[in-house]
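The structure appears below as structure tokens.
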There are 2 protein chains.
Amino acid sequence: MGKERVTVIDIAHAAGVSKSTVSLVLQASPLVNEVTRAKVNAVIRDLGYVYNRGAANLRQSNSKSKIIGIVVNDLTNSFFAELAVGVDMVVQSAGYVQFLANTAESVDRQREVIASMREHGISGLILSPARGTDASDLKPLVASGIPVVNVVRQVAGAKVSSLVSDNHAGMRDAVRHLVGLGHHRIAFLGGFPDTAVFNERLQGYRDALSDMDLAVHDELVVSSAPSRAGGVAAIERALLLRERPTAAVCFNDAVAFGVCDGLRAHRLDPGEDFAVIGFDDVIEAQTAVPALTTISVDPQGMGRRAAQLLLKQINAGRADAEAIVSSVRLVVRQSCGAAIDKRERLSLL
Amino acid sequence: MGKERVTVIDIAHAAGVSKSTVSLVLQASPLVNEVTRAKVNAVIRDLGYVYNRGAANLRQSNSKSKIIGIVVNDLTNSFFAELAVGVDMVVQSAGYVQFLANTAESVDRQREVIASMREHGISGLILSPARGTDASDLKPLVASGIPVVNVVRQVAGAKVSSLVSDNHAGMRDAVRHLVGLGHHRIAFLGGFPDTAVFNERLQGYRDALSDMDLAVHDELVVSSAPSRAGGVAAIERALLLRERPTAAVCFNDAVAFGVCDGLRAHRLDPGEDFAVIGFDDVIEAQTAVPALTTISVDPQGMGRRAAQLLLKQINAGRADAEAIVSSVRLVVRQSCGAAIDKRERLSLL
DNA sequence: AAAAATAATTGGAACGTTCCAATTTTGTCA
DNA sequence: TGACAAAATTGGAACGTTCCAATTATTTTT
């Protein structure tokens, strides 16, 4: 059943026209007469023809392939899943289809999948680089004129566009908010110190404290895996300090949830006895108990913007690197509690 | 810089051999002499040649394309993200690359992306069908001999393979466990009643109650959106019953988390005052507070198995439909609490 | 050393499409 | 009706690869 392919030649034959004409109707060219167009389209439907983009693409090597690649370092992280969804939306409605690959932080794997995608003729790539990605890994790609947009993480020295969230400003706003509520011992919890994102966020924390004329205590900075379990571990350590913090900004929401878990394990009520602020605003942040105050980075929106930027570069034919930092905003929910003085007043009742 | 493509002809020319020879070394044929092979490979590296799979694939239309498609109905759901990761793992190590598309439950979108993938020459498809998918949507695909593996959801009447989790047995085990702990008013919360998955799980719930000689009360079945918010709504309704349930099995983990939230809003402690069991075992289930007792379905494992099944069919050239139900297992954590009598004994202290 | 066998290489056709230049058909105007 | 313009159609070459049959180079056998 349905062994051999139906080609334009078959269509042409059945419709009594030439293959050139069939090709023209496939491209919706205005050159072809209405009645022949109708006839050809009918035959196309009848014979169950399916367009062979591979062949088409071979001929028109000038034109682009309608395929883009997206490779992320950790698809199990819902942040990246959301990002992929955002990319998918704009890419899909532009008539493109996307190769998606997960590198699980392996640069070797990343190299392989990028090479494979290249052989398949992607006309652009959105990349959330694995830790340790070197500019040389992207070199061949940009040398052959394929636009690349880095998201979330930058690659030092690579001449490609990037779209990262404003880590510095986000963390600064979080700290300011806590200070405004009356806190002055604020911890910075979670994250691996060898990443650019960590350092940007940490710097935002430090700068905010300085701006508000508060001392920066290094023992209040506790790094850990950027996961829920890491959050538990980090708050454990922070609670051992002789002078306990009264609030924490966390590397990301996963850490923040872990911190809440750890607080509860110590009979402390997050939001009430201790203020917690996350980063990312993952979906669960709004429905968790307590709802998480966090920095919203809208990963889906970032995905959309990255895809738009990539498509723009593909269409322009020219890919001059531009670095966009995506603004973020503080979303105040319950986990950071009310102002300290107000709380004290209430507790007097 | 790097404007025009390097082709086998360029390689042949530079290495002083024919394009046929170059082609042979590209395919690692044993027919070619070691020294020429080395020479050709050197030139390939020097000129920065990249293989054009499109062209190759065009010629050898018998051979397959090394591309598979995966389309899911909701990538923002971490269950499907995990599934995609599982697929990615086996597909990647088999030298394939995957088109990934998200349909967001739209059958129209699904139809479009499947058509697009077909035009791009996928040699197999893994599909988690959007709600309302009809067998006719898959007809053309199977007619042209492209293997399809449905995951999570079946499509009635479609002659394709499927891999679904054992919903009936999973829910049955959950209910049995609760009955074993001493509960006899157990609610079934969440999910849309018009889906096959819902009905399979509900049937497991009913059968387990019957098996244990307990009555099935329809008012204890409260459907809702299969989300955290839906869980909150469902438990709200369940708590309005004059005879309240003491435990609940939930349509999935998201609902279960919502149920926990709702319980807390009523000053009830999930796991202590009310037993909750989820379904899916998403990552957060183990780190949540209380850790969620749930039915583990290992989405990543399902993804791997689905991919393996698909590759098997692709390689066999023959795609006889087989229906696999993936076994599940109850993972007991804290949200279902201790046995009722033990708890009563403890509370006497 | 000639014949036969084997190893290595090669030119051209083919895959399914698009593009170009050329041709045929149709329409318009004097 | 003839001349011209406009509209519609068309054949062949090309894209980058693989495959086949054929050729050439090398080795083995007698």
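So that the names make sense, note that chain A is the first sequence line, chain B the second, and so on, each numbered from 1.
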*Under 4.0 Å: is that the gap between some side-chain N or O of B:S23 and OP1 or OP2 of D:dT18?*
yes
*Would you indicate whether the side-chain heavy atoms of A:F80 and A:S128 approach each other to under 4.5 Å?*
yes
*Which of residues 42-55 of chain B have a heavy atom under 4.0 Å from DNA chain C?*
none
Identify the pairs formed between an N or O of the protein and an N or O of nucleotides 21-25 of chain C at a distance under 3.5 Å, and give each distance.
none

*Does some side-chain heavy atom of A:V142 sit less than 4.5 Å from a side-chain heavy atom of A:V160?*
yes
*Under 30°, 30 to 60°, or over 60°: which ring-plane class applies to B:F99 and B:H120, parallel, tilted or perpendicular?*
tilted
Show me the protein contacts with nucleotides 24-27 of chain D, counting only N or O atoms at under 3.5 Å.
none

*asked:* What is the distance, to the nearest angstrom, from the CD atom on B:Q60 to the P atom on D:dT18?
replied: 6 Å
*Given atom CD1 of A:I11 and atom C1' of C:dT18, what is their separation to the nearest angstrom?*
16 Å
*Derivation of the salt bridge (Lys or Arg N to Asp or Glu O under 4.0 Å) call for B:R153 and B:E105*: CA-CA 12 Å; B:R153 300 173 178 173; B:E105 298 289 7; 3.0 Å; yes
*Given atom CG of B:N57 and atom C1' of D:dT17, what is their separation to the nearest angstrom?*
10 Å
*Within the pair B:Q27 and D:dT17, is there a side-chain N or O less than 4.0 Å away from OP1 or OP2?*
no
*Report the residue from A:D88, A:I68, A:V90 that forms a side-chain contact (heavy atoms from CB on, under 4.5 Å) with A:Y96.*
A:I68
*Evaluation steps, side chain to side chain contact (heavy atoms under 4.5 Å, CB included), between A:D137 and A:I114*: CA-CA 9 Å; A:D137 293 328; A:I114 291 179; 6.0 Å; no
*Mind checking whether A:V50 and A:V6 have side chains closer than 4.5 Å, heavy atoms only?*
no
*asked:* Rounding to 10°, can you tell me the angle the first-five-pair axis of the helix from C:dA1-D:dT30 to C:dA30-D:dT1 makes with its last-five-pair axis?
replied: 40°
*Can you give one letter per nucleotide of nucleotides 9-14 of chain D, going 5' to 3': B for a protein heavy atom under 4.0 Å from the base, S for sugar-phosphate only, - for none?*
SBBBBB
*Gap between atom CG of B:L138 and atom CD of B:Q110 - 0.5 Å precision*: 7.0 Å
*Take B:E322 and B:K312 through the salt bridge (Lys or Arg N to Asp or Glu O under 4.0 Å) test and state the conclusion after the steps.*
CA-CA 12 Å; B:E322 55 186 298; B:K312 192 185 82 179; 3.0 Å; yes
*How would you label the contact of A:T7 with the nucleic acid (heavy atoms, under 4.0 Å): base, sugar-phosphate, or nothing?*
sugar-phosphate
_If I take atom CG in residue B:D10 and atom P in nucleotide D:dC15, what distance separates them, rounded to the nearest angstrom?_
11 Å
*Sequence neighbours excluded, which residues qualify as side-chain hydrogen bond (donor to acceptor under 3.5 Å, both in side chains) partners of A:S161?*
A:Q313
*Taking atom C1' of C:dC19 as reference, at what distance in whole Å does atom CG of A:L58 sit?*
13 Å
*Roughly how far, to the nearest 0.5 Å, is CZ of B:R111 from OG1 of B:T133?*
9.0 Å
_Separation of C:dG16 P from A:H13 NE2 (nearest whole Å)_ = 16 Å
*When you look at A:E112 and A:R118, which way does the salt bridge (Lys or Arg N to Asp or Glu O under 4.0 Å) test go after all the steps?*
CA-CA 10 Å; A:E112 285 170 19; A:R118 209 146 91 89; over 6 Å; no
*If we only count heavy atoms from C-beta on, is the A:I11 to A:V40 side-chain gap below 4.5 Å?*
yes
